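What follows is a short report on a single structure.
Counting convention: from 1, in listed order, for ligands and their atoms alike. Values reported hereafter were calculated over all heavy atoms of this structure, with side chains retained and with hydrogens, waters and symmetry mates removed. Keep in mind that this is a model prediction, so the values were computed, not measured.
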Amino acid sequence: METRSLELFAEARKLIPGGVNSPVRACSSVDSTPLFIAAGKGSRIRSADGEEYIDFVQSWGPLLLGHAHPKVLAALREALENGTSFGAPCEAELRLAQAICAAVPSIEMVRMVSSGTEAAMSALRLARGCTGRKKLLKFDGGYHGHADAFLARAGSGVATLSIPGTPGVPEAVVSDTLIAPYNDSQAAEDLFRLHRDEIAAVFVEPAAGNMGLVLPRPGFLESLRALCDRYGALLVFDEVITGFRVAYHGAQGHYRIKPDLTVLGKIIGGGMPVGAYGGKRDLMLQVAPAGPVYQAGTLSGNPAAMAAGLATLRVLRGLDYAALSAAVEDFCRELEGIFAAKGIPARINRLASMFTVFFSEREVTDFASAKNADQTRYTKFYKHLRARGVYIAPSAFETAMVSFAHGREDFRQTLEAADTLEF
Ligand SMILES: *Cc1c(COP(=O)(O)O)cnc(C)c1O
């Protein structure tokens, strides 16, 4: 029963482009219409139609503690009683900065903003300002928010909708964006050779989460670190998804690579709008008003987002990431077993609390191999699960997000639903 969601969607389409405030939500790539969500608690959400779903989207990553965690809600309530925004410093932003710097060794100073997009855009400006160079190297299928410079062969919604670039981005802006295939160190090196003194920064998701989940091959991130050092460019890790998710100290802690700058978002806001960028002290001291690189924000560091983020990190610090990772590993193995028994070729990429099912015979290591997976099968899988109360990303180019609130029963029900799938 999705009657109410359909009614609301029809109304929304009259007033909001495509009926949604972010493209992938429209569910068009999986031949569906969106569920309107009324409430969430832990691993579950309830639609406007009153149906319950096991949620593997978790707001696309921020909710590593699950929906409506009591400690996060309590911190938010307390903050809200005292007002939502002052446009002046508050203690909570200092405490969140401390928590981030303590967790992520490469971050010595940090600036709060209100979205991952804003954080990536600002980190790029800073990298250009510090190096005096213009070019940016990113990877095919990598997503760093929707700022102009990054919208060349991007992942996430851009990939889902098969938009190569996008109208409205001047060619001159993306002409400084260089693109290499993910996991291809040689291609990155070739671009450095060609544009020696011109590349300001390499932007990379240390585990790519926006073309589905694609893991870095051993040595890939190390090679980027070495190239940046050799050619005087900055290495920027976009950890908007992986920060505090792959490990409390991020993917950079997990893979033991130190970037120069890090872009954060999602989890550090605990479900409130947030982003942050940080890194080496000498670089961050170039940001206004300490330095000349301008960046500002009316709601930056607002007490509500800071309280939700801080409460989230405080709870996460005491949780067992290895246990969650092991639970996801067991679940993925069982799911692989189900597909194997049915003779359905599938590859399940996974890392910590993330996984993506690719209906493919081949290993998925970059955007090309991700696109090679069978999207018609993904659509069937999506619809099949949704009809059985399991909500996964409405796109083959997204990552399933598991939270600490997911338990045995959630995995069991999901496997049971998958087991009745027929192609
Ligand atoms: C979500 C995401 C962003 C953009 O963050 P928003 O808060 O949606 O603007 C940037 N980079 C990565 C890797 C992301 O997953």
Review point. Any ion pair linking R350 and E329 (charged N to carboxylate O, less than 4.0 Å)?
Key: yes
**Study point:** Residue list, side-chain contact (heavy atoms from CB on, under 4.5 Å) with R125, at least two apart or on another chain
**Key:**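 Result, side-chain contact (heavy atoms from CB on, under 4.5 Å) vs R125: M121, V293, Q295.
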For [atom], which protein heavy atom lies nearest, and how many Å away is it?
atom: atom 4 (C) of ligand 1; value: T117 N, 3.6 Å
atom: atom 10 (C) of ligand 1; value: G145 N, 3.4 Å
atom: atom 11 (N) of ligand 1; value: D238 OD2, 2.7 Å

As an exercise, identify every atom of ligand 1 less than 4.0 angstrom from a heavy atom of [X].
X: S115; value: 7 (O), 9 (O)
X: G116; value: 4 (C), 5 (O), 6 (P), 7 (O), 9 (O)
X: N210; value: 12 (C), 13 (C), 14 (C), 15 (O)
X: I241; value: 15 (O)

Point to revise | Result of checking D330, L335, V328 against C332 for side chain to side chain contact (heavy atoms under 4.5 Å, CB included) | key: V328
Point to revise | side chain to side chain contact (heavy atoms under 4.5 Å, CB included), paired with Y53, selected from I37, L35, V390 | key: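 Result: among I37, L35, V390, L35 is the only option passing the side chain to side chain contact (heavy atoms under 4.5 Å, CB included) with Y53.
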Exercise for review: For ligand 1, find out whether one of its N or O atoms is nearer than 3.5 Å to an N or O atom of E205.
Suggested key: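 It does not: no N or O of E205 is found under 3.5 Å from an N or O of ligand 1.
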**Study point:** Nitrogen or oxygen of E118 less than 3.5 angstrom from that of ligand 1
**Key:**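 By distance alone, the answer is no.
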Less than 3.5 Å apart, which donor and acceptor atoms pair up between the side chains of residues 308-324 and the rest of the protein, not counting sequence neighbours?
{"unit_1": "T312", "atom_1": "OG1", "unit_2": "A308", "atom_2": "O", "d": "2.8"}
{"unit_1": "D320", "atom_1": "OD1", "unit_2": "A322", "atom_2": "N", "d": "3.1"}
{"unit_1": "D320", "atom_1": "OD1", "unit_2": "A323", "atom_2": "N", "d": "3.0"}
{"unit_1": "Y321", "atom_1": "OH", "unit_2": "F244", "atom_2": "O", "d": "2.7"}

Review point. With a 4.5 Å heavy-atom cut-off, do E239 and V246 have their side chains touching?
Key: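 E239 does not reach V246 side chain to side chain.
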May I ask you to identify, for [X], whether its side chain, its backbone, both or neither come under 4.0 Å of ligand 1 on a heavy-atom basis?
X: K266; result: side chain
X: V263; result: neither
X: H144; result: backbone

Exercise for review: Could you tell me how the ring of H144 sits relative to the ring of F203: parallel (under 30°), tilted (30 to 60°) or perpendicular (over 60°)?
Suggested key: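 Rings of H144 and F203: perpendicular, over 60°.
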Point to revise | Exercise check, heavy-atom protein proximity under 4.0 Å to atom 7 (O) of ligand 1 | key: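 Within 4.0 Å: yes, protein heavy atom nearby.
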**Study point:** Whether H254 side chain and H249 backbone form a donor-acceptor pair below 3.5 Å
**Key:**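 Pair absent, no side-chain N/O of H254 close to backbone of H249.
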Check your understanding: What do you reckon, is CD of E78 surrounded by more than 12 foreign heavy atoms closer than 6.0 Å?
Key -> no
